[in-house]
Amino acid sequence: VRGRAKIDDDLLDDIEELLIESDLGVSVATEVIENLKKKVAEGRVTSPDAVMGLLKEELLALVGEEGESIRAAAGGTTVIMVVGVNGTGKTTTVGKLAALLRASGNRVMVAAADTFRAAAIEQLEVWARRAGAEFISQQQGSDPAAVVYDAAAAARSRKVDYLLIDTAGRLHTKSNLMEELKKIRRVVGRELEGAPHEVLLVVDATTGQNGVAQASRFKDAVDVTGLVLTKLDGTAKGGIAISIRKELGIPVRFIGVGEAVEDLREFNPRLFIDALFS
Amino acid sequence: GLSEKLQEVLRKLRSKGKLTEKDVDEILREVRVALLEADVNFRVVREFIQSIREKAVGQEVLGSLTPGQQVIKIVHSELTRLMGGVQSKIAIASRPPTIVMLVGLQGAGKTTACAKLAGSLKKQGHSPLMVAADVYRPAAIRQLEVLGETLDIPVFSMGADQNPVDIAKGAVSSAMSKGRDVVLIDTAGRLHIDEELMAELEAIKAAVSPHEILLVADAMTGQDAVNVAKAFNERLGITGVVLTKLDGDARGGAALSIRSVTGCPVKFAGVGEKLDALEPFHPERMASRILG
Ligand SMILES: Nc1nc2c(ncn2[C@@H]2O[C@H](COP(=O)(O)OP(=O)(O)OP(=O)(O)O)[C@@H](O)[C@H]2O)c(=O)[nH]1
Ligand SMILES: Nc1nc2c(ncn2[C@@H]2O[C@H](COP(=O)(O)OP(=O)(O)OP(=O)(O)O)[C@@H](O)[C@H]2O)c(=O)[nH]1
Ligand SMILES: [Mg+2]
Ligand SMILES: [Mg+2]
């Protein structure tokens, strides 16, 4: 779309294609294009470069202009619950986040509340060790809420700054699994003041329109406060994050850009929007 | 069923005996939206709509269907045709062992699919051997071993300090000496743009000459599905696709995108986290699901 001579239907069609191919979805893309057309008709933009500038501002407004940082507890332990459908990168994100928080001197504890999937506890244990975080787990197959209860008690007595809860992947369409998640949230809420302070939904950047349904269901169940958009080091643009923010008001807090411990970044809206056009 | 907007358009055209080009365009506009909302790739949709338009103009009433309903019937059967027939068999080699390699992006469901396939092959009377060739992800080897214990299927592993190429070779020799007739190699998730890791897959392929290279892809993948499928197919030659997490409510347009850009059959559908949750892929059901 760069280096165009005039604003015409071709330019707008190309922009629509770019937005849809970035997984913004048809209705959001259509809305954005309609707003651009209106401004062009009103004579507010007269060059293709100006259209691109306006487009970026529009997208920035949708995804949230300011990155906000993690909400911390007023005193005591800040609890961050990490949720999402299967395979999106929750366990890896918990490990990276633990390391990030440790780097600024925090005492961090990680709770292995995925007691279901094969070797999930072992996987998280490796990450906890890498991050220098304390690790709370129970046996495979135990009640995740029991792990969280234990972790909350340990966090309180050891005066831990951050408690990160890794939960099992689950499809938002499975009501019994969503009930399990609600129970985990209730238990930690009873045991630690104000918990959970953040509920991060981990969404794979390759996810298509189903991402909105995921975010909506998880938000209804456990009141998601932020998104982690993972695997942005691939070729997917992660435009679904724009739709999620637009439809549900959930902001992106972090992005995952690789499989190593340092591959987690605070969300920068401007860089994200620029990357849609690279 | 079909989207509200599409039904509305069909209702509006219900009394017409024959459709004009303009009528057909109105219907196809809504079909286009339905396919894009289902995550079918933008360019795949464009080609598809163009091919349908040629077939649809001039449709007349046929039996009890209105011309509009006829168009939808054409769309549905064309989608089904593009999905391919039912091809849910692992190509068993004339001389054992049959070697199957599972590849794909991170988190797609390869390790789980490896175990599900092994379990199904065992039920069919085969003696499978699973191979833990993911030496990168923490506890990946352990994950496959736990699944192997659950299914009572052996897992070949050389630990996380060995090269996946050597692990694959070692597994094939072990299979031959122990009479295991299907070797299923679980590889690490990787990006199609990771040169080093894609070269690793090519090296494994060169070392053991797999009979099947299955691309494992997540049913909720959006527009990026074409990029991934194209790259894996061009570098390795994919013989089949396993589409996972179809037990969710993703429309699964990635199935059409992958099929259309690689020509490979989608052989299996992952429909749950349990090890028996693997079904043959049903093209017609998928077409209905995509259309919404
Ligand atoms: N390239 C890339 N890979 C990632 C990223 N985040 C996670 N992964 C990989 O994605 C795969 C799945 O990560 P997990 O952390 O196990 O995902 P999960 O959500 O905990 O999975 P379940 O617990 O099974 O639902 C692993 O291979 C990770 O290394 C990322 O930002 N970029
Ligand atoms: N609901 C559902 N979950 C699935 C299905 N297939 C796999 N999963 C889950 O998806 C997550 C990822 O599965 P894995 O088998 O670890 O994925 P992978 O491709 O091996 O991941 P990497 O090795 O990290 O690339 C796990 O939580 C699995 O239980 C499926 O068909 N349905
Ligand atoms: Mg996990
Ligand atoms: Mg795996």
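Letters A, B, ... mirror the listed sequences (proteins, then strands); counts begin at 1.
- Among B:Glu37, B:Gln106, B:Arg142, the residue with the largest count of heavy-atom pairs under 4.5 Å with chain A is B:Gln106.
- The distance from the CD atom of B:Glu279 to the OG atom of B:Ser120 is 11.5 Å, given to the nearest 0.5 Å.
- Exactly one of A:Asp114, A:Thr167, A:Asp166 qualifies for a side-chain hydrogen bond (donor to acceptor under 3.5 Å, both in side chains) with A:Thr91. That residue is A:Asp166.
- Most heavy-atom pairs under 4.5 Å with chain B, from the set A:Arg130, A:Glu125, A:Gln123: that is A:Gln123.
- Heavy atoms closer than 4.5 Å to chain A are found nowhere in B:Leu144, neither backbone nor side chain.
- Counting heavy atoms from C-beta outward, A:Ile165 and A:Ile80 have side chains that stay 4.5 Å or more apart.
- If you tally non-hydrogen atom pairs under 4.5 Å between each of A:Thr88, A:Asp204, A:Asp233 and chain B, the highest count goes to A:Asp233.
- For B:Arg137, the part lying under 4.5 angstrom from a heavy atom of chain A is the side chain only.
- In this structure, no portion of A:Lys237 lies under 4.5 Å from any heavy atom of chain B.
- Annotation: maximal heavy-atom pairing with chain B below 4.5 Å, among A:Val85, A:Thr206, A:Ile121, occurs at A:Thr206.
- Interface residue A:Glu122: backbone and side-chain heavy atoms are both found under 4.5 Å from chain B.
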* **Working for side chain to side chain donor-acceptor pair (under 3.5 Å), residues A:Glu58 and A:Asn35** => CA-CA 9 Å; A:Glu58 177 113 10; A:Asn35 288 341; 2.6 Å; yes
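- The side-chain heavy atoms of A:Thr207 and B:Thr221, taken from C-beta on, include no pair separated by under 4.5 Å.
- Highest contact tally toward chain A, considering only B:Pro138, B:Gly107, B:Gly109, is held by B:Pro138 [criterion: heavy-atom pairs under 4.5 Å].
- For a residue to count as touching a neighbouring chain, one of its non-hydrogen atoms must lie under 4.5 Å from one of that chain's; by this rule B:Asp247 touches chain A with backbone and side chain alike.
- Residue contact with chain A, scored on non-hydrogen atoms closer than 4.5 Å, involves the backbone and the side chain of B:Leu36 alike.
- Heavy-atom neighbours of B:Glu8 CD from other residues, nucleotides or ligands within 6.0 Å: at or below the threshold of 12.
- Taking NZ from B:Lys122 and CG from B:Leu117, the interatomic distance works out to 15.0 Å, rounded to the nearest 0.5 Å.
- Annotation: the span from A:Ser278 atom OG to A:Ile273 atom CD1 amounts to 11.5 Å, rounded to 0.5 Å.
- Heavy-atom distances place the side chain of B:Asn227, and not its backbone, under 4.5 Å from chain A.
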